[in-house]
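In this chain, numbering begins with 1 at the start of the sequence shown. This is a predicted model, so every value here is computed, not measured. Order of appearance sets the numbers: ligands from 1, and atoms from 1 within every ligand.
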Amino acid sequence: MAEPSGPVIALVPAAGQGVRLGEGVPKAFVDLGGTAMLVRAVDGLLQSGAVDRVVVIVPEDLVESTRTLLPVEVTVVAGGSERTDSVRAGLAVADDAQYVLVHDAARALTPPSLIARVVAELRSGRTAVIPVLPVTDTIKTVDVLGAVTGTPQRSELRAVQTPQGFAAELLRRAYAEADGLATDDAGLVERLGEPVRSIVGEPTAFKITTPLDLSLARALVEEGTS
Ligand code: CTP
Ligand code: MG
């Protein structure tokens, strides 16, 4: 197990292709007001004052060019075909971590204060911490044919953001025992039966996924509010 004084290491999965955004380049490298999304995401982590090291995970052919975009102390490694593979590649070079944050490059406008709050929860003794927001739409479950199979109580539903924070030993165990894929890291920890704590997220930590999201992000940057 890591020493109590070990560092907080942030893993930044940025190896996706950005198919839904459709900009023709991997999403993390899309420009947002003169700065690539990935660079903004890394800057936010460094500005939080709560992160000791940053590991960025990018498509294999972009490893060298990414190094020139980021501060020299940021580690850059190649990811895999699924997000889970990319996080695993990052974990492999974060051996000495006491706490690990996993933070999507696609959440480029995440306020540093949210990052600091996740780390503060870890330091207070929680072993898995995720930022969440209430959902505004009613959510239905449907079957493969589109027939509605249920309407979960909206008051119990939350949309999940990053950074997600973990005691490093717990996240390693979750990945070691992961059978199959997960859309978020906490999901793997839940499968171990371990508790996951939610904290209140931030609207500007939204994931830039579609062209509409990118328009919103660009407007916020232009306004100077993010
Ligand atoms: N990601 C990754 N490795 C993958 C897939 C995704 O590191 N094989 C990263 C993305 O770069 C992104 C984050 O995980 O920062 C969240 O994924 P998502 O929003 O789905 O991004 P993309 O996979 O790039 O987008 P799309 O699914 O539309 O192709
Ligand atoms: Mg994806």
Exercise. Give the atoms of ligand 1, by number and element, whose distance to some non-hydrogen atom of A105 is under 4.0 Å.
Key: 15 (O)
Self-check item: Under-4.0 Å salt bridge between E64 and R67
Solution: yes
Quiz item: Is S81 in contact with ligand 1, taking contact as a heavy-atom separation below 4.0 Å?
Solution: yes
Practice problem: May I ask you to decide whether D184 forms a salt bridge with R83, counting only side-chain N to carboxylate O separations under 4.0 Å? | Solution: no
Self-check item: Short N-O contact, D179 and R191, less than 4.0 angstrom
Solution: yes
Quiz item: Is the closest side-chain donor-acceptor distance between T141 and T149 under 3.5 Å?
Solution: yes
Quiz item: For atom 27 (O) of ligand 1, what's the nearest protein heavy atom and its distance?
Solution: R20 NH2, 3.0 Å
Quiz item: What's the shortest distance from atom 11 (O) of ligand 1 to any protein heavy atom, and which residue and atom give it?
Solution: G16 N, 3.0 Å
Self-check item: From the candidates K207, M37, R107, R83, the one that places a heavy atom nearest atom 4 (C) of ligand 1
Solution: R83
Quiz prompt | Within-cut-off N or O pair, L21 and ligand 1, under 3.5 Å | solution = no
Self-check item: Presence of salt bridge, R107 and E202, under 4.0 angstrom
Solution: no
Exercise. Quick one: look up the protein heavy atom nearest atom 9 (C) of ligand 1 and list residue, atom name and how far away it is.
Key: P13 O, 3.5 Å
Quiz item: What do you think, any protein heavy atom under 4.0 angstrom from atom 14 (O) of ligand 1?
Solution: yes
Quiz item: Below 4.5 Å, heavy atoms only, C-beta onward: do T151 and T138 meet side chain to side chain?
Solution: yes
Quiz item: Is the shortest distance from a heavy atom of G80 to ligand 1 less than 4.0 Å?
Solution: yes
Practice problem: Using a 4.5 Å cut-off on heavy atoms from C-beta on, say whether the side chain of F166 contacts that of L101. | Solution: no
Quiz item: When you measure from atom 24 (O) of ligand 1 to every protein heavy atom, which one gives the shortest distance, and what is it?
Solution: G18 N, 2.8 Å
Exercise. Quick one: pull up CD in Q161 and CG in D104 and give me the separation to the nearest 0.5 Å.
Key: 10.5 Å
Quiz item: Should you measure from each heavy atom of E82, which atoms of ligand 1 turn up under 4.0 Å away?
Solution: 4 (C), 8 (N)
Practice problem: If you have a sec, work out which protein heavy atom is nearest atom 26 (P) of ligand 1 and how many Å separate them, to one decimal? | Solution: V19 N, 3.5 Å
Quiz item: Should you measure from each heavy atom of A106, which atoms of ligand 1 turn up under 4.0 Å away?
Solution: 15 (O)
Exercise. Identify the protein heavy atom lying closest to atom 21 (O) of ligand 1, giving its residue, its atom name and the separation to 0.1 Å.
Key: K27 NZ, 3.1 Å
Exercise. Determine, for R173 against E169, whether the closest basic-nitrogen to carboxylate-oxygen distance falls under 4.0 angstrom.
Key: yes
Quiz item: Do ligand 1 and I208 have nitrogen or oxygen atoms that lie under 3.5 Å from each other?
Solution: no
Quiz item: Quick check: does S86 get an N/O under 3.5 Å from an N/O on ligand 1?
Solution: yes
Self-check item: Validation row: L171, L91 side chains within 4.5 angstrom (heavy atoms)
Solution: yes
Quiz item: Considering all heavy atoms of both residues, which atom of P211 and which atom of R20 are nearest to each other, and what is their separation?
Solution: CD-O, 3.5 Å
Quiz item: Is the closest N or O pair between A15 and ligand 1 shorter than 3.5 Å?
Solution: yes
Practice problem: Of the side chain and backbone of Q17, name the one, both, or neither that has a heavy atom under 4.0 Å from an atom of ligand 1. | Solution: backbone
